[in-house]
Amino acid sequence: MTCSSTGFRALPLPIIQLSLAAVLKCGQSFRWTAYPLKLDPEDASSPTHEYRFCLRDRVVCLRQTATNILYRTVQPDPQPNANQQELRDAQTLLWLKDYFQLDVDLALLYEEWGSRDKVFLSIQDRFSGIRMLRQDPWENLISFICSSNNNISRITKMVQSLSKEYSPPLLSLPTPDGSGVKDTYHPFPPPSALAHPDVSARLRSLGFGYRAEFIHRTAKMLVETHGDSIQPQDSDEPSEQWLRTLRDISTEDARAELLKFVGVGRKVADCVLLMSLDKTDVVPVDTHVHQIAIKHYGMKGSTKGKMNMTPKLYEELCTKFVQVWGKYAGWAHSVLFTSDLKSFALHGIPQPNSPLSSPVKNRKKRSREMTDLVRILPTPPSTPSVSESATATEIACNLSPAERVKKRIRK
DNA sequence: ATTCAACCTGGT
DNA sequence: CCAGGTTGAA
């Protein structure tokens, strides 16, 4: 069934299985654009946003209702006939099932994690539908090389900027708000485009900082090892295909291959393993995850100051999380990570409490993009007003207000 | 084998 | 000083 007026098709899917608003903006992929929609007052479950993503040959547009994913395919050439459009949508549907890994039952996993872990149990209802995307390894690798010592907002700008600079525009499309403004969409550039000699200097001038060399040298390594372009203009380059083959080898072997690239350490390698190479139990440990482990999972360390992430400690944390969450530990980690993301918090969920709540002025600053989700999400009855400076995971631990404050003191 | 400063840039 | 770190040299 297709809605003839909008061109969207419907894929039945409970919201519990996938929350686009969370998943597309929680720092897995950095190339989705979200457009706010005019809400239909007649229909309480009308989509709040449209999300768009540019693939090699098409732009995929998504919306979500309580019961469906609505999807639409746009390709460059004008006026496809009904049959062509049907074929394209069928292809897009296959892509969607693969990209969102819809054969994995997320509800079942949440159940499992909740039964194993009290901390998870306490946040799962407010952060449902967070699943791992199955991304293209090449794009994912470069994106996470950009992520080192960086924040999500700037990573997003850098990845957009990469696409705009190094791959030609695929097509332009009016934004869904009816303003008449058009956006232009670029696919992610292939390795050969970033292996070109002057890329490094150009990226520097675009504000990539020291990551510019990493990106260029990684692209160059790939192209030199596996070749740049085969005959068909339209398909993947050999190095992209080779990266995909890492899905078929062991986690350890795949990680060893990834670590050969410049700008790729353990953490970035693990992100690629988890997010695009099907290694579901890999937990990328960053300072953020480290702090969560200390505060809520009894790992040693101090919440004050900055602690070095040694390889040994990294392993200990991985082991701990796999022990707690099991075979899909990496997926569970993503839920916890998202629950503490500030950038995620502003997503149009109505504030239950008055914004005039003054007291927060002297709040000890917390590192990173975290915030007090409890303030704007429905607050559980057990945790009243103190919640105004507690993160979701803090609430989870049932700490007293005093304890929370205590644990937050730094320096 | 371990520890540690330096690294680009932008935001608090 | 910190951001979803990595590198190369003590």
Side-chain angles (χ1 to χ4, degrees), chain A residues 22-23 25-30 130 132-133 135 140-162 200-218 221 255 258-276 282-294 303-318 321 330-346 360-371 391 393 408-411:
Chain A
V23 170
K25 287 292 176 182
C26 70
Q28 291 188 48
S29 172
F30 302 94
I130 298 175
M132 196 53 56
L133 300 174
Q135 300 186 65
N140 197 227
L141 176 64
I142 297 302
S143 298
F144 277 88
I145 287 177
C146 292
S147 79
S148 81
N149 206 302
N150 208 347
N151 57 64
I152 291 181
S153 153
R154 184 153 80 114
I155 300 165
T156 303
K157 285 175 192 159
M158 290 164 71
V159 173
Q160 304 285 1
S161 162
L162 262 184
S200 170
R202 176 91 181 106
L203 289 181
R204 275 268 175 189
S205 71
L206 287 172
F208 280 66
Y210 59 81
R211 303 164 198 83
E213 284 75 25
F214 293 163
I215 293 168
H216 174 239
R217 289 173 59 194
T218 293
M221 283 173 67
R255 180 184 288 129
L258 293 172
L259 288 173
K260 291 177 183 171
F261 298 109
V262 258
V264 179
R266 177 66 191 265
K267 193 271 174 177
V268 169
D270 281 359
C271 283
V272 177
L273 289 172
L274 172 66
M275 300 181 185
S276 45
V282 170
V283 177
V285 176
D286 52 46
T287 56
H288 191 176
V289 171
H290 185 196
Q291 291 303 317
I292 291 179
I294 293 170
T303 55
K304 316 172 196 169
K306 191 169 186 170
M307 175 177 282
N308 295 335
M309 178 54 61
T310 66
K312 183 165 169 290
L313 176 54
Y314 192 108
E315 288 295 346
E316 286 175 13
L317 292 168
C318 287
F321 283 123
W331 287 46
H333 137 277
S334 184
V335 179
L336 263 286
F337 181 84
T338 304
S339 77
D340 275 345
L341 265 186
K342 176 180 191 176
S343 51
F344 177 75
L346 316 172
V360 210
K361 49 189 160 203
N362 280 343
R363 181 164 95 209
K364 279 293 169 200
K365 94 170 157 202
R366 261 171 292 153
S367 54
R368 305 180 208 80
E369 312 180 23
M370 295 199 282
T371 192
T391 64
T393 45
R408 229 174 267 132
I409 311 274
R410 319 175 117 233
K411 276 265 143 75

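Below, chain A is the first sequence line, B the second, and so on; all start at residue 1.
- At the phosphate of C:dG5, OP1 or OP2 sits under 4.0 Å from a side-chain N or O atom of A:T287.
- For the atom pair OG (A:S148) and OH (A:Y210), the distance works out to 3.5 Å, reported to the nearest 0.5 Å.
- One interatomic measurement links the two molecules: CG of A:L274 to C1' of C:dG4, which rounds to 12 Å at whole-angstrom precision.
- Contact between A:L206 and A:S161 at its shortest, heavy atoms only, is CD1-OG, 3.9 Å.
- When side chains are defined from C-beta on, A:N140 counts as touching A:F144, because their heavy atoms get closer than 4.5 Å.
- Ring to ring, A:F337 and A:H288 are close: their centroids are under 6.0 angstrom apart.
- With rounding to whole Å, A:I145 atom CD1 is found 13 Å from C:dT7 atom C1'.
- Across the interface with DNA chain C, nearest-nucleotide mapping of A:R154 and A:G265 shows A:R154 to be the residue nearer the 5′ end.
- The interatomic distance linking A:N151 (CG) with C:dC1 (C1') rounds to 14 Å, in whole Å.
- Side-chain N or O atoms of A:Q135 include one that pairs as donor or acceptor with a backbone N or O of A:Q28 at under 3.5 Å.
- Searching all strands for a Watson-Crick or G-U wobble partner of C:dG5 with both distances below 3.5 Å returns B:dC7.
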Atom pairs under 3.5 Å, N or O on each side, protein against nucleotides 3-6 of chain B: can you list them with distances?
residue	atom	partner	partner atom	Å
B:dC4	OP2	A:N308	ND2	3.3

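- As judged by a 4.0 angstrom heavy-atom cut-off over every strand, A:H290 is placed among residues making no nucleic acid contact.
- Atom CG in A:N150 sits roughly 13 Å away from atom P in B:dC8 (whole-Å rounding).
- Side-chain atoms of A:K267 and base atoms of C:dG5 include no donor and acceptor less than 3.5 Å apart.
- To the nearest angstrom, C1' of C:dG5 lies 11 Å from CD1 of A:I155.
- Nucleic acid contact class of A:F261 (heavy atoms, under 4.0 Å, all strands): sugar-phosphate only.
- Under the Watson-Crick or G-U wobble criterion, with both distances below 3.5 Å, C:dA10 is paired with B:dT2.
- Taking each heavy atom of A:L133 and A:S29 in turn, the nearest pair found is CD1-CB, 4.1 Å.
- Considering all non-hydrogen atoms of both residues, A:I155 and A:S143 come closest at CG2-O, 3.9 Å.
- Note: CE (A:M158) to P (B:dC8) measures 12 Å, nearest angstrom.
- Of the residues in residues 203-215 of chain A, those with a non-hydrogen atom less than 4.0 angstrom from any atom of DNA chain B are A:R204, A:G207, A:G209, A:Y210, A:R211.
- Taking the C1' atoms as reference points, B:dA5 lies 16 Å from C:dC1, given to the whole Å.
- Residue-level contact check: A:V285 touches neither bases nor backbone, having no heavy atom under 4.0 Å from any strand.
- When the C1' atom of C:dG5 is taken as reference, atom CG of A:L259 falls 13 Å away, rounded to whole Å.
- With both ends at atom C1', the span from B:dA1 to C:dA9 equals 14 Å, rounded to whole Å.
- A side chain to side chain donor-acceptor pair (under 3.5 Å) with A:S200 is found for one member of A:E213, A:R217, A:H216 and no other, namely A:E213.
- B:dA6 and C:dC2 have their P atoms separated by 16 Å, with the value rounded to a whole Å.
- When the P atom of C:dG4 is taken as reference, atom CG of A:L336 falls 16 Å away, rounded to whole Å.
- Here the closest heavy-atom approach between residue A:R211 and residue A:N149 is recorded as NH2-O, 3.1 Å.
- Between the side chain of A:T218 and the main chain of A:V262, a donor-acceptor pair closer than 3.5 Å is present.
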